[in-house]
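To start, the structure itself, in structure tokens.
Atom set for the values below is all heavy atoms of this structure, side chains included, hydrogens, waters and symmetry mates excluded.
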Amino acid sequence: MSGNRLFTEFKGILSENYVLQSLRRQFGDSIFYWTSGNTAEVEFVLQMDNGIVPVEEKSETNVKAKSLSIYRKTYSPSLSLRFSTRNIRKDDDLLNLPLYLADRISDIHSITSSLIE
């Protein structure tokens, strides 16, 4: 009836909820968020092994993330994850994964650990 207008309007909310549900299945209630007050916010922050991993979600191919950038500059994590509609790509400590791999983070954790060494 509305065509894809509903998805167009709410795709960010839908994809963020998908990533949250995927992470909850794997990490339970140990999912947090980070905010700098009122200038930046990272949707998800996980503890993986002995490290803290910020996780950003983008529903399109435009993956500019000011908040994740601020977090990375402030805390220098050894690994940061970004889910988007882009393909797998690693830039320094930032690993971009397609949205559909959100369900597999715990399975590929050993791979991500070896990528940052």
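- Side chain of Lys90 to backbone of Asp92: a donor-acceptor contact under 3.5 angstrom is found.
- For the residue pair Ser80 and Val53, the shortest heavy atom distance occurs at CA-CG1, 4.4 Å.
- Between atom CG of residue Leu79 and atom CG of residue Leu94 there is a gap of 8.5 Å, rounded to the nearest 0.5 Å.
- Val19 and Tyr33 fall into different hydrophobic clusters, where Ile, Leu, Val, Met, Phe, Trp and Tyr residues are linked whenever their side-chain heavy atoms come under 4.5 Å apart, directly or through other members.
- Screening residues 24-38 for salt bridge (Lys or Arg N to Asp or Glu O under 4.0 Å), with sequence neighbours left out, gives Arg24-Asp29.
- Expressed to the nearest 0.5 Å, how far NZ of Lys58 lies from CZ of Arg86 amounts to 11.5 Å.
- Checking side-chain atoms of Glu16 against main-chain N and O of Glu43 turns up no donor-acceptor pair under 3.5 Å.
- Residues Ser84 and Pro98 form no side-chain contact, since every pair of their non-hydrogen atoms from C-beta on lies 4.5 Å or further apart.
- No continuous path of hydrophobic side-chain contacts links Val55 to Ile70 [ILVMFWY only; heavy atoms under 4.5 Å].
- Every residue two or more places apart in sequence or in another chain that forms a side-chain contact (heavy atoms from CB on, under 4.5 Å) with Ser15 is listed here: Glu57, Ser59, Leu99.
- Annotation: side chain to side chain donor-acceptor pair (under 3.5 Å) contacts of Ser67 (sequence neighbours excluded): none.
- Nearest approach of Val42 to Val45, heavy atoms of both residues: CG1-CG2, 4.4 Å.
- The OG atom of Ser36 sits 9.0 Å away from the CD atom of Glu41 when rounded to the nearest 0.5 Å.
- Using a 4.5 Å heavy-atom threshold, the side chains of Asp103 and Tyr18 count as touching.
- Listed by first and then second residue, the salt bridge (Lys or Arg N to Asp or Glu O under 4.0 Å) pairs that reach into residues 71-85 are Arg72-Asp93, sequence neighbours excluded.
- Thr35 places a side-chain N or O within 3.5 Å of a backbone atom of Ala40 that can act as its donor or acceptor partner.
- Leu97 contributes atom CG, which lies 9.5 Å from atom CG of Asn87 (distance to the nearest 0.5 angstrom).
- Under the 3.5 Å distance criterion, the side-chain polar atoms of Asn96 are left unmatched by any main-chain donor or acceptor of Phe83.
- Judged as a side-chain contact (heavy atoms from CB on, under 4.5 Å), and not counting sequence neighbours, the contacts of Phe27 are Leu23, Ile31, Leu46, Met48, Ile105.
- For residues 42-72, the pairs satisfying ring-ring contact (aromatic ring centres under 6.0 Å, His included) are Trp34-Tyr71, Tyr71-Tyr75, with sequence neighbours left out.
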